[in-house]
Amino acid sequence: MKLWSGRFSKETDEAVNDFNSSIHFDSRMFSEDIKGSIAHASMLGAVGIIDTAEAEKIVACLEVLLEDIKAGTVQFSSSAEDIHMNVETLLTQRLGETGKRLHTARSRNDQVALDFRMYTKNSIISIRTDIARFVDVLADLAEEHLHTIMPGYTHLQRAQPITLGHHLCAWSCMLLRDISRLSDCLKRMDEMPLGSGALAGTTFPIDRDAVRKDLGFARLTQNSLDAVADRDFAVELLSCLSLHMAHLSRMSEEIILWTTAEFGFAELDDAYSTGSSIMPQKKNPDVAELVRGKTGRVYGDLTALLTVIKGLPLAYNKDLQEDKEALFDAVDTVKLCLSVMPNMIKTLTFKPAVMRDAASKGFLNATDLADYLVRKSMPFREAYTVSGKLVRLCIETGYTLETLPLEVYQLHCELFTKDVYEAISLETCVNERKSIGGPSPERVLEQIAYIRREKTLLENIY
Ligand code: ARG
């Protein structure tokens, strides 16, 4: 029999029962639900809304129930609809009449708002830690590659020389922002909604602040109507996760490119790549491709929830039950990606010689050639033109800027002397780019220090 069957004269249709039931996905919030109920029951006892001895019995029984569920000895029932009613039903089965007192001064509307916030909060903290571990991997790798010269690209055309260390620091900065965004989200959402009742609070003299403290929330929600209707925190987490997936996807795309025969900058470890069922020579970057692909589903989860809430009048509507699968899927997907991506990158074999060779072709030092003339007092626009003409000459004659004879240089501009070769060597191009944030090894070392410092700061907010 349903907990709410009192005013009904018929049983719920079987199909409606299944349609309505959320236990097959919200059972994962059993721990949040029971901890919330323990805090609620303790408060009810402490302020005298229910008898202290009965409150203690409820708490003790819920504690055992929590352990039993963890041990896998408890069966949930779809006729009890959701995790909240399953827990209450199980409690009452075990405790009899006393169990029926738990739901005093509470509604499933504020209960689900609480459970879902607790779940969201735990997910933020856990994903933030995963990303921080990823940053550790990238920072260590960057330190190993301070001097590994590679081409930097714009429009996917070779542009200027950088180092692999510099590139890996760029990835780390993207991830640092993700950690920072998650921490912002955590700060804003850290409010305890229980005590909002169905929508209009309660006539019982509850102590919301005691429950808040018990459950470790920073603040109380301030309006009961808003508290039961609000899913902004879930939308915010989904937004953070979407942007994080965009970053993982961009990294994946680069790994896919780098491991092609055409680039050849890196080779995937056998343990992090897969073969083809027909082409024996193939070594495919499936992990990176799947991360790129799964990005779409996380965006879908965000779009789903935004769409669910857009037309909802205050306060609670059953539409809100659709919030959970979207968030759970995004959390699972992100955690799954973060369980493989750091090691896939850590186990890549980079090919410094190939990267350097790529950086030495394509006139990546043409800007440096112009800068050389600027240092000899030529205005940049003019120097740019001279450098451009020399690049064209090289293309026509098969020279590189490094091999073009000094006489030819001097034919184009008398400011050239033999120090030009030193000025445009790849090492000079990289080592002299000492502007803050640039690729010179000492600047990259600073970036690595910054990344490690920021990461520690951000991951420890809360
Ligand atoms: N399973 C419901 C959900 O996820 C719990 C709240 C139900 N409240 C109600 N009044 N039907 O949203």
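Counting starts at 1 for both ligands and their atoms, following the listed order. Along the sequence shown, residues are numbered consecutively beginning with 1.
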His84 neighbourhood, listing ligand 1 atoms whose heavy-atom distance to it stays under 4.0 Å = 5 (C)
Could you tell me whether Tyr316 and ligand 1 have an N or O pair separated by under 3.5 Å?
-> yes
Parallel, tilted or perpendicular for Phe328 and Phe25, by the 30°/60° rule?
-> perpendicular
Do ligand 1 and Asp82 have nitrogen or oxygen atoms that lie under 3.5 Å from each other?
-> yes
Compare Gln111, Gln321, Arg108 and give the one whose heavy atom is closest to atom 11 (N) of ligand 1.
-> Arg108
Min N/O separation Asn109 to ligand 1 under 3.5 Å = yes
What orientation do Phe265 and Trp258 show, parallel under 30°, tilted 30 to 60°, or perpendicular over 60°?
-> tilted
Ionic contact status for Lys434 with Glu432, cut-off 4.0 Å = yes
Are any of the side-chain nitrogens in Arg212 or Asp209 under 4.0 Å away from the carboxylate oxygens of its partner?
-> yes
From CA spacing to verdict: side chain to side chain donor-acceptor pair (under 3.5 Å), Glu254, His167 = CA-CA 11 Å; Glu254 292 193 305; His167 200 116; 2.8 Å; yes
Atoms of ligand 1 close to Lys324 [distance to a heavy atom under 4.0 angstrom, numbered from 1] | 3 (C), 4 (O), 12 (O)
Criterion side-chain contact (heavy atoms from CB on, under 4.5 Å) on Met189 and Ile124, from CA distance to verdict | CA-CA 10 Å; Met189 63 84 64; Ile124 294 173; 4.2 Å; yes
Atom indices of ligand 1 within 4.0 angstrom of Ser22 heavy atoms, with elements | 1 (N)
